[in-house]
Amino acid sequence: MNHRTDSRLPVLLARELFPPLAALVILILTEWVARGALTAGTLTGYVLPHGAAYLLAWAFLLLNWLVLDWLFRRPALAVFLTACLGCIPAAANYYTLQLRGEPFLPWDLSQLSEAAGVAAAAGIQPQPSMYWAAGITAGLALGAHFLYRGRPAPFLPQRLAGLAASAAALAALIFGVYLQPAVTAWLGIYPDAWMQDRYYEWYGVITGFMTNLTNLDIDGPEEYSEEAVNAALDAVEAASRETPEGNFSLPETPGEAPTILYVMDESYWDVTELEDYGVTFDTDLSPNLHALQETSASGRVYSPSFGGGTCDVEFEALTGYSVAFLPSGCKPYQQHVTHPMFSLPSWLKSRGYQTAAVHCFYEKYWSRNTAYPNLGLDEFISLEDMREVEKVRGYYWTGGLVSDASMARQIIGQYETMKAESDAPVFLHAVTMQNHTNYNAANYPDEERVKVLSAPAGLKASTIGALEDFATGVRDADAMLGTLVDYFSQVDEPVILVFWGDHYNPIDSGYDVYTATGYAGSSASDPALHQTTLLIWTNFSDTPVELGTIAAYEISPVMLDLCGLEQPLFFEYLNLQLKNAYRSCTGGVTINPDGSVSRELTVGQAEWNKNHWLLEYDLMFGEAYALARMGLTLDEES
């Protein structure tokens with residue numbers, strides 16, 4: 001070996017080591033950006049116990065670097081693009097976690113620009129980790145430029161062979177590992193359908209994102225056919241003839257097509273339940289709710305979501321479709337409600353109703369601006385359309401969030417507008433925002449905030465402050481409920497108001513409020529953290545009805561059943577399912593007819609569940625054979 005060759009050995013060795021080391025650095029940056037911070041606990045709690053997931057992510061970045069390097073022969077560019085491949089989704093992950101409590105998922109690619117706009121409006125700013133990532137990436141790129149400067153250009157066959165080999169290895173990783181659930185399970189990577197944030201924490205943003213690509217496909221029931229759909233609906237008609245009585249009923253009926261109001265209140269549940277667990281507040285938080293429960297139908301909604309995913313709950317309530325049948329973590333509004341389909345609003349439209357939605361956030365968020373029309377909602381009043389609304393809780397949200405008091409005025413104003421424009425009955429669906437996570441005592445002035453007078457030992461001061469923030473929102477939601485009932489008690493037509501909360505949230509740091517009080521356990525899968533408050537009030541009956549716990553997808557069938565209104569066959573099926581099989585089957589948890597909880601379906605329950613998916617698939621993805629049986633057509637839907 002001559003002296004010249006010997007002197008170049010360190011450079012050649014550095015060039016060989018640079019790609020795997022650069023990929024490792026970029027992987028660290030990716031996780032730093034995605035999580036906002038890296039600690040020793042990140043290594044011991046997440047990385048080491050799930051090492052295979054991070055090894056796959058490292059291999060993914062390394063192979064991308066090699067492909068880019070063989071393709072362009074510009075090492076600095078390969079570093080930059082590889083870092084972008086890791087860090088841009090990581091930044092999106094950070095923002096989506098802040099905005100909705102869920103990580104960055106493959107279907108979010110369809111509205112990256114909208115999410116960026118919402119993040120800016122919400123006051124979510126770049127984090128120090130993002131600046132550090134940009135600086136370190138620039139340093140890596142500069143280092144690559146000087147390290148590989150003067151590298152001999154390969155012959156074209158050698159370059160093509162290197163590119164082909166790298167691309168083949170990358171394809172093998174993606175299609176042979178990431179997109180093969182059996183392989184990832186063998187590596188210890190298990191799906192976590194109902195806690196995607198935990199899934200990403202365990203397995204990292206790259207592996208989390210790539211394995212979620214398997215959820216883009218919808219596999220229909222094996223037995224799906226027109227004959228199978230008709231057989232299921234024939235059974236519904238026969239059962240309805242044999243036992244026409246429903247699950248619930250009021251002695252009074254509206255007598256004419258009633259106004260139907262849906263109000264889904266952000267993060268709402270009756271926090272005064274904590275008073276049975278050692279927490280006391282300085283004021284009565286739910287006087288209207290408690291009074292109305294004595295003269296209305298009330299119970300609980302089993303929500304498919306925890307800590308985010310408002311649109312999943314909304315989707316279930318408006319359609320009767322269960323997200324449990326859809327790929328884990330998917331967002332139906334973004335991915336599947338892309339064409340007109342059956343829903344409560346579309347059914348009511350076919351019966352002469354005028355329909356509208358009111359939501360005090362940006363119209364493009366969760367793609368409501370495109371999903372709502374496909375569900376039969378003809379008008380959508382969003383934050384962009386609202387003027388002179390009161391906003392609160394500006395500590396986390398720049399400019400604040402529209403208050404529930406303002407939402408009551410928006411709902412009443414939209415109702416009056418619709419009645420002035422047409423004599424047709426009204427269906428109005430509203431979604432609030434005031435009590436959206438995150439919670440902090442600083443969100444309200446001290447004199448406006450509800451105070452916690454006593455609480456079990458072990459709760460941090462910040463957690464107490466966060467609970468006060470949340471309780472203040474519950475108090476204001478109750479006041480909104482009172483305002484709406486006061487107004488609609490006076491109108492000269494029958495009115496049905498359905499009021500419920502979409503999901504529970506962590507309050508401050510994790511589950512401390514729930515575990516310290518004994519209200520629930522330390523897992524988002526705890527059924528206690530999925531049963532939000534439900535009230536169905538009418539101005540034509542004061543008979544109390546105990547609804548118990550029902551699934552979010554049962555809200556519309558139960559509402560029609562309770563008030564003696566005409567039901568589409570699909571909703572009749574769901575009411576029969578509620579009566580004969582279970583009250584809810586959501587997120588792997590079944591609420592049985594007696595209210596008990598189980599994790600497994602009986603043979604009979606499984607048959608009802610299978611037919612629910614058969615009908616849902618038909619109406620969402622299939623040939624919509626059930627539409628004609630319900631007196632609807634796709635043309636009518638649009």
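Quick caveat, the model's predicted, so the values are computed rather than measured.
- Gln354 CD to Leu377 CG: the interatomic distance, rounded to the nearest 0.5 Å, is 12.5 Å.
- Side-chain contact between Phe306 and His530 is present, with at least one heavy-atom pair separated by less than 4.5 Å.
- Contact check for Ile507 versus Thr437: no side-chain heavy atoms found under the 4.5 Å cut-off.
- Electrostatic pairing of Asp446 and Arg449 counts as a salt bridge here, judged by a charged N lying under 4.0 Å from a carboxylate O.
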Given the rule in the salt bridge (Lys or Arg N to Asp or Glu O under 4.0 Å) test, do Lys579 and Glu572 qualify, once you have shown the distances and angles that lead to the verdict? CA-CA 11 Å; Lys579 181 177 184 179; Glu572 287 189 40; over 6 Å; no
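- Put simply, the side chain of Ser296 never gets that close to the backbone of Leu535: no donor and acceptor are under 3.5 Å apart.
- Side-chain contact between Leu547 and Phe248 is present, with at least one heavy-atom pair separated by less than 4.5 Å.
- Residue Phe499 is tested with Tyr262, Tyr268, Trp537 for a ring pair (Phe, Tyr, Trp, His ring centres under 6.0 Å); the sole match is Tyr268.
- Results of the ring pair (Phe, Tyr, Trp, His ring centres under 6.0 Å) test with Phe571 over Tyr321, Phe342, Tyr553 single out Phe342 as the only residue that passes.
- The neighbour count for Glu388 CD, taken as heavy atoms of other residues, nucleotides or ligands under 6.0 Å away, does not exceed 12.
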Please assess Arg368 against Glu363 for the test salt bridge (Lys or Arg N to Asp or Glu O under 4.0 Å), listing each intermediate value before the final yes or no. CA-CA 6 Å; Arg368 285 186 174 93; Glu363 65 170 9; over 6 Å; no
Checking Ser403 against Glu390 for the side-chain hydrogen bond (donor to acceptor under 3.5 Å, both in side chains) test, could you report, in this order, the C-alpha distance in whole Å, the side-chain angles of both residues, the deciding distance, and whether it holds? CA-CA 6 Å; Ser403 70; Glu390 173 194 28; 2.8 Å; yes
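- For the pair Asp270 and His290, the minimum side-chain heavy-atom distance is below 4.5 Å.
- In terms of heavy atoms, Ile496 sits closest to Phe540 at CG1-CE2, 4.0 Å.
- Classified by interplanar angle (parallel below 30°, tilted 30° to 60°, perpendicular above 60°), the ring pair His612/Phe570 is tilted.
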Evaluate the ring pair (Phe, Tyr, Trp, His ring centres under 6.0 Å) criterion for residues Trp397 and His436: first the C-alpha distance (whole Å), next the side-chain angles of each, then the deciding distance (0.1 Å), finally the verdict. CA-CA 10 Å; Trp397 297 81; His436 197 286; 5.2 Å; yes
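- Remark: the backbone N or O of His359 is not paired with any side-chain donor or acceptor of Ser382 at under 3.5 angstrom.
- Listed for the Ser584 side chain is no donor-acceptor partner under 3.5 Å among the backbone atoms of Ile591.
- Using a cut-off of 4.0 Å between Lys/Arg side-chain N and Asp/Glu carboxylate O, Asp284 and Arg475 are scored as not salt-bridged.
- Between the Glu316 side chain and the Asp312 main chain, no donor and acceptor come within less than 3.5 Å of each other.
- A distance-only check finds a donor-acceptor pair linking the side chain of Asn443 to the backbone of Tyr395 [under 3.5 Å].
- Side-chain contact between Ser489 and Asp486 is absent, with no heavy-atom pair separated by less than 4.5 Å.
- The side-chain heavy atoms of Leu562 and Ile536, taken from C-beta on, include a pair separated by under 4.5 Å.
- Within the 3.5 Å criterion, the main-chain N or O of Asp404 finds a donor-acceptor partner in the side chain of Gln434.
- The existence of a salt bridge linking Asp378 and Lys349 is confirmed by a sub-4.0 Å separation between a basic side-chain nitrogen and an acidic carboxylate oxygen.
- A donor-acceptor pair under 3.5 Å is formed between the side chain of Thr483 and the backbone N or O of Ala479.
- No salt bridge links Glu448 with Arg393; every basic N to acidic carboxylate O contact stays at or beyond 4.0 Å.
- In this structure, the side chains of Ile260 and Tyr353 come closer than 4.5 Å at one or more pairs of heavy atoms.
- Listed for the Asn374 side chain is a donor-acceptor partner under 3.5 Å among the backbone atoms of Val337.
- Without hydrogens or angle criteria, Asp478 side chain to Asn288 main chain gives a donor-acceptor distance under 3.5 Å.
- Of the possible polar contacts, none joining the Gln127 side chain to the Gly36 backbone as a donor-acceptor pair under 3.5 Å is found.
- For the side-chain contact (heavy atoms from CB on, under 4.5 Å) with Val271, the lone residue among Val474, Thr472, Asn435 that qualifies is Val474.
- Ring planes of Phe361 and Tyr365: perpendicular class, angle over 60° (limits at 30 and 60°).
- Residues Leu578 and Glu554 come closest through the heavy atom pair CB-OE2, 3.6 Å.
- Here the closest non-hydrogen pair linking Pro258 and Pro425 is O-CB, 4.2 Å.
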Stepwise, does the side-chain hydrogen bond (donor to acceptor under 3.5 Å, both in side chains) test hold for Asp508 with Thr463? CA-CA 5 Å; Asp508 192 38; Thr463 304; 2.6 Å; yes
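- Side-chain contact check for Glu266 versus Asp502: some heavy-atom pair is nearer than 4.5 Å.
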